[in-house]
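Step one of this worksheet: look at the structure below.
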Amino acid sequence: NYYEIYIKNNYDSEAKGMEFTIKLPNSVNKNNITFMDGKYDITDLVDYSVKGNTISGTYNKIINSEQEIKIIVDYGRFYINSSTLVCIIIPIILTLFSSLLWLMFGKDLPKRIEKTAKFARNITPLHIALATHGEIRDEDNFYLLLQLASKGYLTITEEKNEYYIKKNKDYKESNYVEALFFKTIFRAGESISLTEYLNIISEKRDNKKKIYQTDYIEPKHLKRKFKNASRAIKRYLEEQNEKDKYFEDKLEKIKNNLILMIALILILITSLPFVEINVLELLPVSVILSIALLYILIKFVKNTMVKTKENKTVLAVTIGVMFTVLLLVPSFQRNLGFIIAFIVSLMCSIIILFIYKYMPKRTIYGQNIYNKTEGFKELINNITKEELDRLLELNENYLLDILPISYELGVSNKVIELLKKTKTKEPEWFKVPNKFNYSRLNTSILNLKEILTEEEQ
């Protein structure tokens with residue numbers, strides 16, 4: 001990465017107004033070039049320009065016979081110029097501005113955590129999911145299935161690593177979310193018309209069309225029916241704008257502006273290095289790369305915040321960043337300052353993405369539900385023997401009743417351990433083969449969740 005080129009006066013007399021054109025193996029930046037006359041730096045005395053890998057210029061001073069002008073091309077320099085300053089200062093300014101927006105419009109109300117033993121009967125894992133991370137995943141619908149089972153509406157049975165579901169009774173409560181999921185998963189047909197959809201969530205129409213139900217779901221149909229019910233739930237919640245009950249809906253435009261800020265940062269850091277070394281043909285590639293990297297980062301933050309399987313997104317981020325770095329290596333070699341600019345830009349982008357994730361401020365209702373979830377986790381994680389004995393005295397099935405919610409909130413292992421210690425009788429709503437124990441129950445539940453929530457190919 002270091003070249004020395006000599007220009008020599010081979011005439012017997014003095015020469016003036018020497019013109020030169022030099023082609024290098026690789027493109028170069030003007031800041032990487034130094035002109036030397038012996039021990040003296042004469043760069044300021046040379047009128048020259050750089051285009052790609054070509055240096056052209058004129059030296060108007062007198063060159064004596066046999067005098068040499070040395071041109072030093074050093075690709076490994078570190079310097080700060082206008083391009084690197086733009087790639088450092090603008091991301092920092094945008095990050096500070098994003099932080100200010102979050103403090104003004106996105107910061108949640110203060111938490112008031114009080115130990116909570118249980119939730120109201122109409123609160124489902126889906127309500128908790130919306131209050132916690134603002135969206136519904138298939139695994140949230142699986143915990144809803146468990147809750148319906150714990151309420152006695154259905155029984156899940158495992159036989160030879162296959163799962164069967166039996167309906168015990170019709171759903172008669174007024175919880176539309178549970179009603180829609182229950183009646184969709186046990187629907188005899190495959191598709192649901194608009195009329196049937198309305199009838200599922202309302203029992204008040206005398207002239208409604210009959211919705212045919214099945215009482216038994218075999219393993220070969222279980223995943224498909226679960227996916228149908230999950231899609232119906234998501235459509236219903238989107239149509240009802242259910243998320244607006246939990247998060248302020250006034251900040252969508254601000255959130256979109258945050259994405260534009262990140263896009264600007266990524267375009268700057270992937271385009272200005274090519275502009276500086278005059279490799280303009282790679283500018284379209286840099287724009288495409290910026291969009292792809294932005295998409296990958298959004299998926300990474302989204303999956304990280306909702307605690308889903310993130311191995312693929314971590315791998316995608318790693319590959320995306322590595323590919324970007326490889327593409328920018330020529331620029332880094334010509335100016336090591338771009339390495340600092342790239343790191344600053346990437347860190348600022350990630351910070352703004354996390355601000356984007358946290359930006360929707362919870363409503364008072366949403367904050368209350370969220371506080372209850374934190375209070376529930378606080379109780380389960382730090383429950384005393386006296387507290388547990390008091391709860392079991394009021395309801396001997398307390399631990400089994402909260403088991404579905406405990407999976408949603410990530411404290412199921414603690415509840416399983418408590419079930420082992422209290423020697424609670426086995427549940428009637430989830431049957432496992434062979435001799436029953438709660439470790440076996442937990443394994444069976446997790447296996448069924450993996451089967452039902454596996455992404456469709």
Side-chain angles (χ1 to χ4, degrees), residues 102 105-151 173-182 201 229-230 232-252 255 302-308 354-383 387 391 395 398-412 414-415:
W102 178 76
F105 305 109
K107 189 175 181 181
D108 279 331
L109 299 169
K111 292 182 182 178
R112 294 182 179 178
I113 308 302
E114 297 179 357
K115 288 185 177 181
T116 302
K118 62 179 181 178
F119 295 90
R121 188 173 176 84
N122 64 333
I123 297 297
T124 70
L126 303 190
H127 296 98
I128 292 174
L130 284 170
T132 304
H133 44 74
E135 63 180 324
I136 301 299
R137 307 156 295 176
D138 278 350
E139 63 185 83
D140 301 316
N141 286 305
F142 173 74
Y143 304 141
L144 177 62
L145 177 69
L146 287 185
Q147 181 164 299
L148 286 166
S150 72
K151 287 183 175 183
E173 296 183 42
S174 59
N175 189 316
Y176 282 1
V177 171
E178 289 184 341
L180 176 58
F181 185 87
F182 185 82
I201 61 174
S230 295
I233 283 287
K234 290 178 182 178
R235 284 197 304 269
Y236 170 72
L237 294 177
E238 288 172 1
E239 289 169 3
Q240 299 298 314
N241 296 319
E242 191 74 14
K243 183 179 176 181
D244 295 344
K245 297 178 183 178
Y246 300 86
F247 291 89
E248 298 283 354
D249 62 345
K250 304 172 184 177
L251 302 175
E252 290 303 318
K255 289 183 66 177
K302 178 180 176 182
N303 290 353
T304 300
M305 297 308 299
V306 298
K307 298 180 181 179
T308 57
F354 274 85
I355 291 173
Y356 170 86
K357 180 62 186 179
Y358 281 114
M359 179 60 79
K361 181 179 180 180
R362 288 186 177 89
T363 62
I364 294 176
Y365 176 75
Q367 189 66 44
N368 286 337
I369 298 294
Y370 182 73
N371 289 346
K372 286 183 180 297
T373 66
E374 293 299 303
F376 180 84
K377 289 192 289 186
E378 175 69 19
L379 174 69
I380 298 303
N381 285 324
N382 302 288
I383 194 167
E387 289 173 328
L391 290 169
N395 176 11
Y398 171 73
L399 291 174
L400 281 176
D401 291 345
I402 66 170
L403 187 58
I405 293 290
S406 73
Y407 280 100
E408 175 66 51
L409 294 177
V411 291
S412 58
K414 180 69 175 180
V415 174

Q. Between Leu146 and Leu403, does a side-chain contact (heavy atoms from CB on, under 4.5 Å) hold up when you go through it step by step?
A. CA-CA 8 Å; Leu146 287 185; Leu403 187 58; over 6 Å; no
**Q.** Residue pair Phe376, Lys372: steps toward the side-chain contact (heavy atoms from CB on, under 4.5 Å) verdict
**A.** CA-CA 6 Å; Phe376 180 84; Lys372 286 183 180 297; over 6 Å; no
Q. After noting the C-alpha distance and the side-chain angles of Ile383 and Leu391, does the key distance pass the side-chain contact (heavy atoms from CB on, under 4.5 Å) rule?
A. CA-CA 11 Å; Ile383 194 167; Leu391 290 169; 4.1 Å; yes
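With sequence neighbours excluded, no residue forms a side-chain contact (heavy atoms from CB on, under 4.5 Å) with Glu238. Taking Lys234 as the reference, Asp138 meet the salt bridge (Lys or Arg N to Asp or Glu O under 4.0 Å) condition, with sequence neighbours excluded. For Glu378, there are no salt bridge (Lys or Arg N to Asp or Glu O under 4.0 Å) partners, not counting sequence neighbours. Considering only residues two or more places apart in sequence or on other chains, Ser150 meets the side-chain contact (heavy atoms from CB on, under 4.5 Å) condition with Gln147, Pro404, Trp429. Residues forming a side chain to side chain donor-acceptor pair (under 3.5 Å) with Thr124 (at least two apart in sequence, or on another chain): His127.
Minimum heavy-atom separation, Thr132 to Ile128: OG1-O, 2.7 Å. Of all non-hydrogen atoms in Phe247 and Leu130, the two that sit nearest each other are CE1-O, 3.0 Å. Closest approach of Val415 and Leu399 over heavy atoms only: CG1-O, 3.7 Å. Between Ile136 and Leu126, the shortest heavy-atom contact is CD1-O, 3.4 Å. In this structure, Asp140 and Pro125 approach most closely via the heavy-atom pair O-CB, 4.0 Å. Asn382 and Lys115 get closest at one heavy-atom pair: O-NZ, 4.0 Å.
From Ile369, atom CD1 reaches atom CD1 of Ile364 across 13.0 Å, with rounding to the nearest 0.5 Å. Between Phe142 atom CZ and Leu145 atom CG the span is 6.5 Å, to the nearest 0.5 Å. A distance of 11.5 Å separates OG in Ser406 from CG in Asp401, rounded to the nearest 0.5 Å. Atom CG in Leu180 sits 4.5 Å away from atom CD1 in Ile233 (nearest 0.5 Å). To the nearest 0.5 Å, atom CD1 of residue Ile402 and atom CZ of residue Phe119 are 9.5 Å apart.
Here Lys377 does not pair with Glu408 in a salt bridge; the nearest charged N to carboxylate O distance is not below 4.0 Å.
Under the 3.5 Å distance criterion, the side-chain polar atoms of Tyr236 are left unmatched by any main-chain donor or acceptor of Phe181. A donor-acceptor pair under 3.5 Å is absent between the side-chain atoms of Asn122 and the main chain of Asn175, judged by distance alone.
No side-chain heavy atom of Ile405 sits under 4.5 Å from any side-chain heavy atom of Ile123.
Listed by first and then second residue, the salt bridge (charged side-chain N to carboxylate O under 4.0 Å, His left out) pairs involving residues 116-132 are Arg121-Glu173 (not counting sequence neighbours).
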